[in-house]
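Okay, so here's the structure we're looking at.
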Amino acid sequence: MEKWMLIDGNSIIYRAFFALPPLTNSAGKHTNAVFGFTTMLLKLLEQEKPTHVLVAFDAGKITFRHEGYTEYKGGRQKTPPELSEQFPVLKELLGAFGISQFELSGYEADDIIGTLTRRADEQGVPAVVVTGDKDMLQLASDNITIAVTRKGVSEVDLYSPDAIKEKYGLEPLQIIDLKGLMGDASDNIPGVPGVGEKTALKLLHEHGTVENVLDNLDKLKGKLKENIETHKDSAMMSKKLATIYREVPIEQEADEIRYGGYDSGKLAEAFRKLEFKSLIDRLELGADAGEAEDAAQAAASELTIRVIESESDAAELDRLLRSLGESEENGLFIESIGENPHHAELVGLAIATEEAVYVLPFAALAKPFAAKLRDWLGQPDKPKYGFDLHKNELALLWSGIRLEGAAFDVQLAAYLLDPTDTSQTLSSVSDKHGLPVLPTDEAVYGKGAKFKLPDEQTLYRHLALKAEAVRRLVPVLTEELNRTNMSKLYFEMEQPLARILAGMEHLGIKVEKEELEKLGVDLERQLTTIISDIYKLAGTEFNIGSPKQLGEILFEKLGLPAKKKTKTGYSTDAEVLEELAPYHEIISLILHYRQLAKLQSTYVEGLLKEVRGETGKIHTYYRQTIAATGRLSSQFPNLQNIPIRLEEGRKIRKAFVPSKPGWSILAADYSQIELRVLAHISGDENLKEAFIHDMDIHTKTAMDVFGVTAGQVDANMRRQAKAVNFGIVYGISDFGLSQNLGITRAEAGRFIEQYLDVFQGVRRFMDDIKKDAKRDGYVTTLLGRRRYLADINASNFNLRSFAERTAMNTPIQGTAADIIKLAMVQMDAALRERGLKSRMLLQVHDELVFEVPEEELELMKKLVPDTMAGALKLDVPLKADVSYGSNWYEAK
DNA sequence: ACATTCACG
DNA sequence: ACGTACGTGAATGTT
């Protein structure tokens, strides 16, 4: 039994575009409308099971409707570019689905669909029309059902003639009369002024058609009568415009829109390009199923996989080593379980060479017979081409196996090529750079609670495929780095840094548990008191840590004025509470509670959990491939956010001590590195001058912005100038600055104007960088690090503004990140060359922390700041301040 | 799994 | 008119 499904392409893609939040793939292409269209399509295909499917599109701008009424669809906003670019994508995707598409010059999608429904009626074939437009209800009949989207495009209401009767009390064809009277703002159909849906329905229930209403005008009275009288031509024309034309000369036969189901392979490929991962999973098109599975199997079957498990495989091992000796081309993949490499469980490794892929379970690598392979891993002159070698090196180190000789790291390179791409699995990197489909780890291992290693055969095959993917990605990414001028950045900075980080992390920093415990006891005592005080003031016990319960107490029970709201309820963040402080004494207690609770849970208890029993040290894990600006990040635990701003929290730093008695903690931090970078890249003479004379930059800014002398700058002026400087670095907006300073937007705007007048080079930089970003789609740091800005040309104000601020901030923050990374590479070399015992322990964005033996203290007090200041030559001097003490707190 | 809050530069 | 400061990670509560 035949069943047709006729889809109003334009209407659905428009609705989907406005209903879904912006969505882009990693190449920056907008995909939200296509995604919405696709989910709706899949749902309806499933629900309706049509034998024929057609998507109709409007063609061209002028249709026959414009002939009588040139304003038809006038006043419409131009289609946003984010949507226009999705039309060809959708058409291509429909191709992959195997779904026919029609468009016919001079006609709209409605007319094509109207014509086909007429045929369906004539032939007695059932059809469903899918649209976002209620006009189409006029096509409903015993054969024809209209599916109108609701809630964006996620659901549809089905209208049969009976359903229309029930809802409007009208026959399908009377929908045209309805439009004639009430008009349609979106199509610029005028109708009759003052007549909306209610009135129009009342008139039609009485008289049936527009013509009859006009014939019976004498039965009406007042303003309504007058309106219809004067606009009767408009009513008739509107009716005509709303009438779907059902005689479009369509040559195709029904057979040509027959739908035989989609080809999984083609659809999977199309979804992958669009990065519709959830849909791949939903249709089980993923790498663990169907075509992709076949592809993976095919790829694996083309590989020669040699498994080395025990001493009896010694011959294979020799072969591997010979292979590695003959050609330096290889691909190394080391599998470990767990995010934290300090605790990772090693699973196994695979090495791809030109002739075969060798796989060893980790147990085999640890055995005596594998000594030669372990040697190979540790030899700096034997090149390794790997994936996340930093993590590999660290994980192996804890098993006493060294990994040296990094020649190329696919993950690190992929990060430089697009630091905003958050999916850094080998499978996604491989996919993104055009290699054949690789099963995802999730497909092979499962995720979360379901994580499980598969049988050996599957596991070995997976590792082999990954090693082979690494081998094949190396030349591709090397070439990409060349093309984007990032080779130097990669080979001279990021790759050497990876090893340095692994060394710092493995070394760790000593923490006095007793010090933290002491602080913990003290905090506990204070918390107990404060909690009972809060309960007393609230008149009830509740969970202070629950924003929901706290909100109820403050804003309902105590009746305090609610300022901000979050998605889920009242906001109770510090900013809100500070404003409420004058109203009730409970507020300051809550703020104090929050502060102490944070210290206790995150810093006392959290850090204590991370101290290794054997050594009394904490080992953080720096991640080199996370931050979009090029900064490092720190995890397990984060040692880049140890309290310092408030004295109570700052005491936490007393627990961070040197690992050897008599040594010191030495810390050096860059002074105003971001503003110095700005002075350099903007070339602003005034700002450069300020740094060349090493002036207090906030005082200098206050002098220029307020037009006063140094002596006239008071603390408040300096504070405001400091906020302006922060704003400049973040990509200034008057609103942001006004929020920060608690002043009006107009005042903030004047500050900014004043600033940009005095620092005209900065103004030029801000303007130029935005222009460059719009032209190129990315911005770069001084050393050529790139960041793509997908939304820089968006029509959505918010998205575009965000991208513009990012365009201004990234070169500044990113260049500062480049500089300290360079300093780290140089410091590491300096310590080595001079054979010093001092060790670099931590990096906190603009600060480096060392432990230093007594006899090297004098030297390091000079070497560290000099190296940091000299890391990169700028047009302004760089400056680093150094301090030291018996612990990190004292090094201030 | 997601939202809120808050610690750092 | 739009409604924001840039970049992170961890703990806790809620769904």
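Residue numbers begin at 1 in each chain, while the letters A, B, ... track the order of the sequences.
Nearest approach of A:S682 to A:F765, heavy atoms of both residues: CB-CB, 3.6 Å.
Contacts between residues 560-578 of chain A and DNA chain B, defined by a heavy-atom separation under 4.0 Å, are made by A:T566, A:K567, A:T568, A:S571, A:T572, A:D573, A:A574. Of all the residues in residues 621-632 of chain A, A:I626, A:A627, A:A628, A:T629, A:R631 reach under 4.0 Å from DNA chain C with at least one non-hydrogen atom.
In this structure, OH of A:Y603 is placed 13 Å from P of C:dT12, rounded to the nearest angstrom.
No hydrogens or angles considered: nothing links the side chains of A:H619 and A:E610 as a donor-acceptor pair under 3.5 Å. Using modelled atom types and a 3.5 Å distance limit, the side chains of A:E339 and A:Q635 yield no donor-acceptor pair. Judged purely by distance below 3.5 Å, without hydrogens or angles, the side chains of A:S801 and A:E804 never pair a donor atom with an acceptor atom. For the residue pair A:T810 / A:T629, no side-chain donor-acceptor distance below 3.5 Å is found, with atom types taken as modelled. Side-chain atoms of A:D421 and A:S423 form a donor-acceptor pair, as typed in the model, at a separation below 3.5 Å.
Residues meeting the ring pair (Phe, Tyr, Trp, His ring centres under 6.0 Å) test with A:F850, sequence neighbours left out: none.
Considering only heavy atoms from C-beta on, A:V849 comes within 4.5 Å of A:E847 through its side chain. A heavy-atom distance below 4.5 Å is found between the side chains of A:L782 and A:I681.
The nucleotide whose nearest atom lies closest to any side-chain atom of A:S546 is, among C:dC6, C:dT4, C:dT14, C:dT14. Of the candidates C:dC6, C:dG3, C:dG9, C:dG9 carries the atom nearest the A:K598 side chain, counting heavy atoms from C-beta on. Taking the side chain of A:N641 as heavy atoms from C-beta on, and the options C:dA5, C:dG9, C:dT14, the nearest nucleotide is C:dG9. Counting only heavy atoms from C-beta on, A:L737 has its side chain closest to C:dA5 among C:dG13, C:dC6, C:dA5.
Taking a heavy-atom distance under 4.0 Å as the criterion, the stretch of DNA chain B touched by chain A extends 5' to 3' from B:dA3 to B:dG9.
In this model, the phosphate group of C:dC2 is not approached by any side-chain N or O of A:N796 to a distance below 4.0 Å at OP1 or OP2. Residue A:S634 places no side-chain N or O under 4.0 Å from the OP1 or OP2 atom of C:dG9.
Judged by distance alone with a 3.5 Å cut-off, no donor-acceptor contact links the side chain of A:S633 to the base of C:dT8.
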**Asked** For DNA chain C, what string of dots and brackets results from 5' to 3' when Watson-Crick and G-U pairs need both distances under 3.5 Å, crossing pairs get [ ], and pairs with another strand get |?
**Response** .....|||||||||.
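For residues 622-647 of chain A, no pair satisfies ring-ring contact (aromatic ring centres under 6.0 Å, His included), with sequence neighbours left out.
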